[in-house]
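Please read the structure below before turning to the comments.
We name chains A, B, ... by the order of the sequence lines, and we start the count at 1 in each one.
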Amino acid sequence: MKFLEYQVKERFRAAGIPVPDGRLAKTPDEAALAAGALGPIAVKAQVPVGGRGKAGGIKLAKTAADAKSVAGEILGMTIKGYTVREIWCETAQDITRELYLGLTLDRDARKPVLILSAQGGMEIEEVAETHPETIAKLHPDPWRGPLPFEVRDLIFRAGLGPLQAQLTPLVVKLYGLARTYDALTIEINPLALTQDGGLVAADGKLEIDENAMFRHKDLHGTDESEEDPLEAEARRRRLTYVRLDGSIGVIGNGAGLVMNTLDLVSREGGRAANFLDIGGGAKAEVVHSALELLAGDPHVKGILINIFGGITRGDEVAHGIIDASRDLNLKLPLVVRMTGTREEEGRQLLREAGITPEATATGAARKIVELATGAGR
Amino acid sequence: MKFLEYQVKERFRAAGIPVPDGRLAKTPDEAALAAGALGPIAVKAQVPVGGRGKAGGIKLAKTAADAKSVAGEILGMTIKGYTVREIWCETAQDITRELYLGLTLDRDARKPVLILSAQGGMEIEEVAETHPETIAKLHPDPWRGPLPFEVRDLIFRAGLGPLQAQLTPLVVKLYGLARTYDALTIEINPLALTQDGGLVAADGKLEIDENAMFRHKDLHGTDESEEDPLEAEARRRRLTYVRLDGSIGVIGNGAGLVMNTLDLVSREGGRAANFLDIGGGAKAEVVHSALELLAGDPHVKGILINIFGGITRGDEVAHGIIDASRDLNLKLPLVVRMTGTREEEGRQLLREAGITPEATATGAARKIVELATGAGR
Amino acid sequence: MSILLSKESRVLVQGLTGREGSFHAEQMKAYGTNLVAGVSPGKGGSTQLGIPIFDTVVDARRETGADVSGIFVPAPFAADAIMEAAAAGIGLIVCITEGIPLYDMVRARAFVAAAGVKLIGPNCPGLVTAGQAKVGIIPNHINREGSVGIVSRSGTLTYEVIQGLSQAGVGQTTSVGIGGDPILGLSFTEVLRLFKDDPATRAVVMIGEIGGSDEEAAADEVISPGLGKPVIGFISGRTAPPGKRMGHAGAIISGSTGTAASKLKALTQAGAQVCDTIEEVVAAAAAAVGQPSSAVHR
Amino acid sequence: MSILLSKESRVLVQGLTGREGSFHAEQMKAYGTNLVAGVSPGKGGSTQLGIPIFDTVVDARRETGADVSGIFVPAPFAADAIMEAAAAGIGLIVCITEGIPLYDMVRARAFVAAAGVKLIGPNCPGLVTAGQAKVGIIPNHINREGSVGIVSRSGTLTYEVIQGLSQAGVGQTTSVGIGGDPILGLSFTEVLRLFKDDPATRAVVMIGEIGGSDEEAAADEVISPGLGKPVIGFISGRTAPPGKRMGHAGAIISGSTGTAASKLKALTQAGAQVCDTIEEVVAAAAAAVGQPSSAVHR
């Protein structure tokens, strides 16, 4: 689960990480009021994606009149598919230097990693690529968290020694927030050094581990309305779904199997409309729910189901598919590749119901590409 | 720093540890009101010492009239030197079994230790002595704290398996409180199993590490008014002071040196009025402050100062003592044993000021016992 | 011969009295696994499937000498179960549970590493030593005794490979699903080292996928120096989108590693035979053990 | 010969630029200690007492090869300083700071133990190897080279014993104040083992006090099996009140150990020569090394 900038900053503020003063606005008039109260402000589109600045979603306003006009431009904009409905109006900062401070999971190290750089801002990824020596990292012990001496060492390694007294508690607080919210990623970028020598979180990101949501029930739905509606619906159905830009709906059990199915569709000249994993042990209701989800997506021109029947028997899975496609009155081309326990019985049932069964995943991928695009090979 | 029962229970409640409903009362009428609101209550004297029950400081009251009369008896009582000014009126519990749950520091293990017993209540120390097998212990790793599986194991070892689901979170919360408050000791005794199968903290103790008070500035003085006034004054002066029951005031630098001085006083037939450690590196102001404290204690009939001059020079220490006894217009017998750097110069100064200097600690102890009690040997 | 698990392994199941645990414990028993104990706090003293249930792993280990544990407890409690097994001295822990919070898992992983214990998973299908024993959820009937070792990050793709090989008449020594989570116990490197030292294993199939750089690490650390037997590699996710990028931080950490291209290149350069489809993997493995595949039929 | 510290030890001081740190570092240097570095975060690159100051212990160790650290930082930061030294690979850490919160100290103690490093203190006077080097605050002029080893929980009583011995013409090898806090680094047992193996030490004075059971443990673990040289024991606090009893919990944990009686009995039974006063300790040590004490004069 991701948060919008202003939601992240609320949490930063509560944790004692300095942020600029700001107000949320939903209309140009509210933005004007904010500028009246705060003075010169930055007006920032609240969308859960990067690249807002380049897309024109961040503008400065010196006066209330400026703020009203700028807010009028930004509200209603579409940025990477997200309509701007809220803007964050915050005191414009006099920034002398942009640092980067973030935490994510380093899967190779099997630990969280804190990242600090004196070269923050929009180009941090390029900096990491071209000048890796300017990026200092710390892998805190997951039980102890970052110890003060480790944080000091990180800061000195990043060449930020003179800011040590200010930065040390900030790093510790950021890690604390990450733990509190089970953050997969938490970032302050830029972490701005202002004219008066203070540090302030000029922008922030926070993404929460979905697996830990049982510890954060109060956070459910905080920003769901801002997400891709199909992804939000998939989440409600507890399906692992990622929207892609092709036309062939793909359903499978197991992430590796689904990814492999996407690869096979691609090999056969098609493009998948999604990644949809119904998890190990395919059950009839889950197949039903997944089919329903894809059937509602106008981009989907055909559906490929790839199931390995392990514990569950092939004939049961076949019944699930047949019932679902009948209940949904599915008109789209549907190809099923099913293997494992009682695969022959399953295939027979599918054939009888008028659904194309395929024995191999490669064959199934070829078939659905033919059917969905009319382009055989 | 210790807390009173009701202060401990407020903290238990905030941490999610169940406690009986209760109200603090300072007059019999308030106790009557509490009984009116709560029904049958236990009226409990709020003093920072054990053994209240035996001293008559805890009584049951079924009605408001009972409560008023019982409160009248308890308020104003003196228990181990503490006058009862507040009473805690709490819903009387229907207790079927008394357990014990506590945490302290195990200095031999160099770790905190959680202690759980199915045989709680007043006699827990005797139980520990006579039936050690009924006492289950867990030394949590100080970084990880008690892990759920370790707590379950503790509970099963204590023979309390059937209460495991209720007890596990309680143990974890108690440890959390201990960490939050830097507790030297935290106890729930008895941890009461009630008629309806619930667990409730029927009494509680909490003592905070003085060394960690810089993390708990908001707690300063919470219960200072309840303490021995001389100990409270010593604390304000940042002296390590413990009141004893003899007549010879003892001042020294270093805990071991002071303890040894007490031993020597005892060997010579005297009894010390206190333990007072002014710390390593005796400074004139500190000596002054310590002398002033003891001079104000009516039990003190003579004062023995035992100083090892390490870094500080003996003549400086002597000047400090001379100035202080003059400023305070000290009439009590005063014996000083001073050794270390420039000890001879120091002794000469003392002699000139009319203060008895002694070369050996044994000799000094003998001398002050003579002077203070008139009983030579 | 085999790796990690054999007929002699004394297996306990944590969460045996749960729905998943009891179903799969029964399957494990049916496969011939030497199942000696179950652990369910509060149910100690009872029996299920004819197996004694204990309150704690310590009790179970003391009473039955269990040395392997399969974990089927729900995600919020699974990291604790892993640590309980490690603290009790269980030598091999297999955690099937999926959906364990990452911070729980990094802590459990550090705990297990400090205890010097082997962990497989979590979010994995477990392992089977064909014809001997199984801990986990790999379907019983697809396995066949033979000489191919399998190590895989994907559950269902593992089943596909096992089934493909068995149908082609090519059996397996041990098939290990190491799991698909970001934070794992045994890595490809560690499992491949075990296969290297197992004389019964004559070829190894390694099924990787995008993300992390364990495949690259295995290529460098153990395949390139020489395994002494053929390695057939496969990487799924070649056309998957970059996926959930973890902000800038993820990119800073992973750089260009973790992509299918990076993994395929590393495996090829290290001398593994890299295949494009599961059908090709089966054929290559069959050829490697001198048993021309009759598969890719149907 | 000596234990723990010698002329060759390369000593750094954490908190050297502070008031206490700079004063005592100067004394240490004056005693002949090979003081190679100071650490004060933010002051790296400067010098004090002619010694280079570094921002971190890692830097100091890399640049100067320091292997012993004396810690003089204020209590709220001292546990962190201990861990910094341990993580940087310092072999002997001497923490003078008093008043460290107990929870900070149990964590630092566990950290140090895991790192396999020696810690003396906290709340201790440190140690002197007479005529060679000093880390801590034991007054320089009272030490004299010789053959008695001293280990003590009390600071000022240590000074008394050292001074008493020196005035009686009896010198010391190494005098170690292990500190008076409830949570300590090296115990009596560990220091006595070092003295056992030090040929230059011909007798050992051990100054204990009430509380804990480290004296009893030392009696059992190292004095009773035989140290190969005389041990002169002393316990202060015989008439001290039970003191701040930590509720029931403290009593449950300590039972009857920790009292002066328990310690005196354990030492006597183990074969130590137990004395009643410091004057007797001095006389006994002098006699043990064959140098009849001229002390207890004045």
| said: Looking at C:H141, I'd like to know if its NE2 atom is crowded, meaning that more than 12 non-hydrogen atoms belonging to other residues, nucleotides or ligands lie closer than 6.0 Å. | reply: yes
| request: Side-chain contact test, heavy atoms from C-beta onward, threshold under 4.5 Å: evaluate it for A:F308 versus C:P139 and give yes or no. | output: yes
| remark: Closest non-hydrogen contact found for A:L257 with C:L157 is N-CG, 3.7 Å
| message | So for C:R107, is it side chain, backbone, both, or neither that comes closer than 4.5 Å to the heavy atoms of chain A? | response | both
| field | Residue part contacting chain A, namely of C:I207, when any heavy atom lies under 4.5 Å | value | neither
| Separation of C:Q163 CD from A:T339 OG1 (nearest 0.5 Å) | 3.5 Å
| Side-chain (C:Y103) to main-chain (A:A183) donor-acceptor, under 3.5 angstrom | yes
| field | Salt-bridge present (C:D104, A:R215; N to O < 4.0 Å) | value | yes
| query | Does any heavy atom of chain C fall under 4.5 Å from the side chain of A:R271, the backbone, both, or neither of them? | reply | neither
| field | Top of A:K111, A:E358, A:R179 for chain C proximity - count of heavy-atom pairs under 4.5 angstrom | value | A:R179
| What's the verdict on side chain to side chain contact (heavy atoms under 4.5 Å, CB included) for C:L102 and A:L184, showing C-alpha distance, side-chain angles and the deciding distance? | CA-CA 8 Å; C:L102 286 172; A:L184 289 181; 3.0 Å; yes
| field | Side chains of C:L184 and A:R107 in contact at under 4.5 Å (non-hydrogen atoms) | value | no
| request: Quick one: which of C:M105, C:E209, C:R109 has the most heavy-atom pairs under 4.5 Å with chain A, could you say? | output: C:R109
| note | Honestly, the part of A:D263 sitting under 4.5 Å from a heavy atom of chain C is both
| field | Leading residue by heavy atom contact count with chain A [cutoff under 4.5 Å; candidates C:A75, C:S154, C:P76] | value | C:P76
| query | Quick one: do A:R110 and C:D181 make a salt bridge, cutoff under 4.0 Å? | reply | no
| task | State whether the side chain of C:T239 and the backbone N or O of A:S266 hold a donor-acceptor pair below 3.5 Å, judged by distance alone. | result | no
| said: Please classify the contact between A:A178 and chain C as side chain, backbone, both or neither, with a heavy-atom cut-off of under 4.5 Å. | reply: both
| request: Among C:P182, C:S187, C:S213, find the residue that satisfies the side-chain contact (heavy atoms from CB on, under 4.5 Å) test when tested with A:D108. | output: C:S213
| task | Output yes when A:R337 and C:E160 qualify as a salt bridge under the 4.0 Å nitrogen-oxygen rule, no when they do not. | result | yes
